[in-house]
Amino acid sequence: MNEAAATRRLVLQAVDEWSERGWLRRLDAAFARFVADLCPAAEGPALLAVALLANVEGQGHACIVLDEVFTERDRLLGWGDDALRALARTMDALPSGSDAWAEALGRCDAVDVGAVEGRRPLVLHGKTLYLRRYWTHERRVAADVARRCRSLDTVDEAGARRWLDRLFPVGDGPAAPVDWQKIACAMVLRGRFTIVTGGPGTGKTWTAARCLALLFAMADDPASLRVALAAPTGKAAARLRQSIEAALDSLRASLGDAFPLGDLAARVGPARTLHALLGTRPGTRRFRHDAADPLDVDVVVVDEASMIQVEMMDALLAALPATTRVVLLGDKDQLASVEAGAVLGELCRDAEAGRYRPETLRYVEAVCGERLPDELADPAGSALAQRIVVLRRSQRFDGDIGALAKAVNLGDADEADRVFATRTGGSARRVLAASPSTVTELASRGYRDYLDLVRRRAGGDHDAWVSDVLRAFEGFRVLCAVRDGEWGVRAVNDAIRARLAEDRRVAADGEWYEGRPVLVTRNDAALGVHNGDVGVVLRCAPDDGLRACFVDGGGFRSVGVGRLDQVESAFAMTVHKAQGSEFDHTVLVLPPRPSPVATRELVYTGITRARSAFTLVAADRDAMTAAIARSTRRASGLFGFVEEDDAPPC
């Protein structure tokens with residue numbers, strides 16, 4: 001047996017063993033064997049790279065960088081010590097170095113090398129290995145974004161300045177901080193693609209409302225301007241619509257006759273999930289609207305863009321005419337999508353640095369009266385950089401929660417400890433617990449208000465009672481880092497229900513009972529429910545059956561429980577499922593042992609779901625320290641692809 005055949009056999013035996021041990025998914029090992037069958041001459045390094053690629057795809061990576069397999073495999077894979085030692089032993093028996101692995105992949109008949117077009121299932125770009133479909137999605141998104149970034153409109157700068165000064169009253173003299181919200185509106189007016197990013201409380205949707213007001217005010221024919229609002233989940237879409245409507249109503253009240261465009265909220269229309277906007281096709285991953293049948297819309301505002309995976313972003317951009325203004329809102333530091341890709345995070349990789357060209361700086365000063373700091377200037381800044389605005393001032397998180405979120409985001413575990421230690425009477429606290437029983441005690445108190453309302457039932461105004469119950473339920477939530485195990489969302493949900501049944505607040509038996517909070521886990525267009533919707537089961541009349549009630553704009557909608565089969569209880573939720581939501585008091589539960597799921601981004605996202613109170617429940621102090629040290633940096637080539645396709649600097 002020659003050396004290539006020996007390394008091939010070694011790797012296939014290893015991946016089968018690792019699959020049996022649970023270090024790899026069975027799918028990962030099966031894919032390696034599929035490539036081995038497709039390419040009988042495939043060498044060991046190529047097959048191992050393929051198995052690892054399949055594994056990291058399951059963790060949300062769009063690709064695998066071969067250099068990182070050698071230098072950062074503990075971070076990349078998130079495996080335990082035993083698994084990493086086994087991987088190291090196998091790698092030691094193979095040709096060493098990422099160059100040798102890339103050469104082996106280049107000789108594999110299942111791999112296209114640097115090809116934009118091709119039919120092989122894998123693509124090698126430099127020393128980065130992709131599944132072809134993610135390569136295709138990233139290249140298409142990059143090309144569309146680069147094209148839209150280069151497309152700038154001619155702006156009536158004097159007219160824009162007059163409207164912006166009305167929408168944003170002048171600050172307090174030369175010492176006033178930069179008004180990034182005003183700048184964001186000016187950027188949206190100028191281009192076909194804009195990202196407005198910032199942490200909680202920085203006013204992203206408030207800014208978006210003023211962007212829409214500015215676009216209507218500056219339009220040649222305001223009555224014909226077509227606007228679509230969208231978000232990845234039903235919950236996020238409902239919150240976007242409510243926020244936009246409230247901001248526009250407030251704006252109309254404050255400006256009065258100075259803004260003669262009437263009821264803008266009515267002109268904007270409803271917010272929808274991205275799936276509903278594009279039109280799902282049951283049984284397929286395709287949508288009704290695409291490049292051949294694009295959406296008839298002038299402006300699209302998409303909230304919670306950090307949750308959008310690369311495949312969905314590709315579908316959205318493909319379905320939008322080149323003339324459509326795309327405005328993405330989101331927090332670049334939050335968790336990325338559950339599925340592969342980290343589009344917002346990748347596009348905002350250099351956002352904090354600004355990198356604004358002289359022409360951008362001139363435009364901002366002309367239409368906003370704002371002079372940006374010198375450190376944000378860069379004559380060689382990319383076209384993408386000119387289309388990103390970071391909202392840098394939070395109106396909500398100035399206290400304990402804000403200090404804690406900032407420390408976590410910076411990876412400063414010592415400062416996070418100080419926040420907990422020195423502000424014990426504040427809005428952020430840590431509870432060390434030997435078991436999740438502490439969580440059930442917190443939940444017993446936290447869910448008291450909404451369950452009391454359920455028990456009181458409706459008086460004369462049934463709809464008001466349902467709305468009050470749904471509003472009260474949003475006051476408290478338990479968020480878990482993991483799904484399985486004693487500290488996972490399934491076990492914690494069961495424990496909370498048992499405690500509430502013991503308190504005689506909910507029924508002890510049966511799947512469906514009054515007061516049960518439910519989370520929809522799959523879109524169902526026929527029922528009008530979407531993945532991520534959260535509701536409460538109520539008996540809407542004494543002689544009526546149980547119905548799950550969901551917030552719908554300013555009201556609610558209900559579905560008979562017998563028609564819902566893709567739901568789970570929502571006393572506790574994963575942090576991922578809570579994105580796009582906010583709660584008065586948020587409890588974050590971290591597992592006692594280091595977990596690849598518990599990361600800095602997850603902790604930051606959990607903290608920033610809290611409006612006024614945050615409680616961390618963990619088995620020991622090291623749980624949070626370990627999570628903060630584990631930053632999620634998804635492998636992706638999107639940023640580089642956009643830069644490759646960028647216009648030359650002005």
Side-chain angles (χ1 to χ4, degrees), residues 60 75 177 180 195-204 304-307 328-337 342-354 375-376 388-423 426-430 479 481 574-576 578-583 586-590 594-616 618 621-634 636 639:
R75 178 198 60 79
W180 287 105
I195 295 175
V196 181
T197 185
T202 53
K204 294 182 289 294
E304 298 295 345
S306 64
M307 299 169 64
L328 302 183
L329 311 175
D331 184 345
K332 62 183 175 58
D333 298 316
Q334 276 191 29
L335 281 167
S337 59
V343 177
L344 188 72
E346 269 293 291
L347 294 178
C348 293
R349 186 190 293 184
D350 286 352
E352 294 289 346
E375 59 267 24
L376 299 182
I388 301 175
V389 179
V390 180
L391 304 184
R392 300 166 189 259
R393 296 176 60 206
S394 175
Q395 306 299 319
R396 192 170 83 230
F397 285 141
D398 292 330
D400 299 358
I401 298 174
L404 184 61
K406 181 178 180 180
V408 170
N409 204 15
L410 293 173
D412 192 341
D414 291 338
E415 178 59 24
D417 277 338
R418 280 193 288 273
V419 172
F420 284 128
T422 61
R423 308 187 188 195
S427 57
R429 66 185 185 122
R430 174 171 52 196
L479 304 181
T574 62
V575 176
H576 273 98
Q579 285 183 267
S581 299
E582 294 175 353
F583 316 103
T586 299
V587 175
L588 176 61
V589 182
L590 290 183
S595 164
V597 176
T599 64
R600 180 185 307 172
E601 290 78 10
L602 180 137
V603 174
Y604 170 80
T605 303
I607 293 168
T608 54
R609 297 311 89 205
R611 291 192 190 98
S612 54
F614 171 78
T615 302
L616 174 72
R621 293 176 185 272
D622 292 340
M624 185 168 180
T625 300
I628 292 174
R630 190 179 297 109
S631 179
T632 302
R633 182 168 57 82
R634 288 189 172 179
S636 169
F639 183 81

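Remember, predicted model here, so these are calculated numbers, not experimental data.
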Tell me, do D331 and S306 make a side-chain contact under 4.5 Å, heavy atoms counted? no
Between A610 and A613, what is the shortest heavy-atom contact and its length? CB-O, 3.2 Å
Drop me the distance from R609's CZ to Q579's CD, to the nearest 0.5 angstrom. 7.0 Å
Within this structure, what is the CZ-CG distance for the pair F420 and L616, rounded to the nearest 0.5 Å? 5.0 Å
Between T625 and I628, is there a side-chain heavy-atom distance shorter than 4.5 Å? no
Are the side chain of T197 and the backbone of G330 linked by a donor-acceptor contact shorter than 3.5 Å? yes
Got a second to check how far K332's NZ is from L344's CG, nearest 0.5 Å? 9.0 Å
By side-chain contact (heavy atoms from CB on, under 4.5 Å), K406 pairs with (sequence neighbours left out) L410
Short question: side chain of K204, backbone of L328 - any donor-acceptor pair under 3.5 Å? no
Rounded at 0.5 Å granularity, tell me how far CZ in R418 sits from CG in L404. 12.5 Å
Shortest non-hydrogen contact between F583 and L479, atoms and distance: CE1-CD2, 4.4 Å
Shortest non-hydrogen contact from A416 to A407? N-CB, 3.7 Å
Kindly compute the distance separating CG (L588) from CD1 (I607), expressed to the nearest 0.5 Å. 7.0 Å
For a 4.5 angstrom cut-off between non-hydrogen side-chain atoms, does D333 reach E601? no
Taking side chain as C-beta onward, heavy atoms only, is M307 less than 4.5 Å from H576? no
Can you tell me how far CD1 of I401 sits from OG1 of T586, rounded to the nearest 0.5 angstrom? 7.5 Å
Got a donor-acceptor contact below 3.5 angstrom from the D400 side chain to the S427 backbone? yes
Looking only at heavy atoms, what is the nearest atom pair of G199 and Y604, with distance? CA-OH, 3.8 Å
Which pair of heavy atoms, one from L590 and one from A598, lies closest together, and at what distance? CD2-CB, 4.5 Å
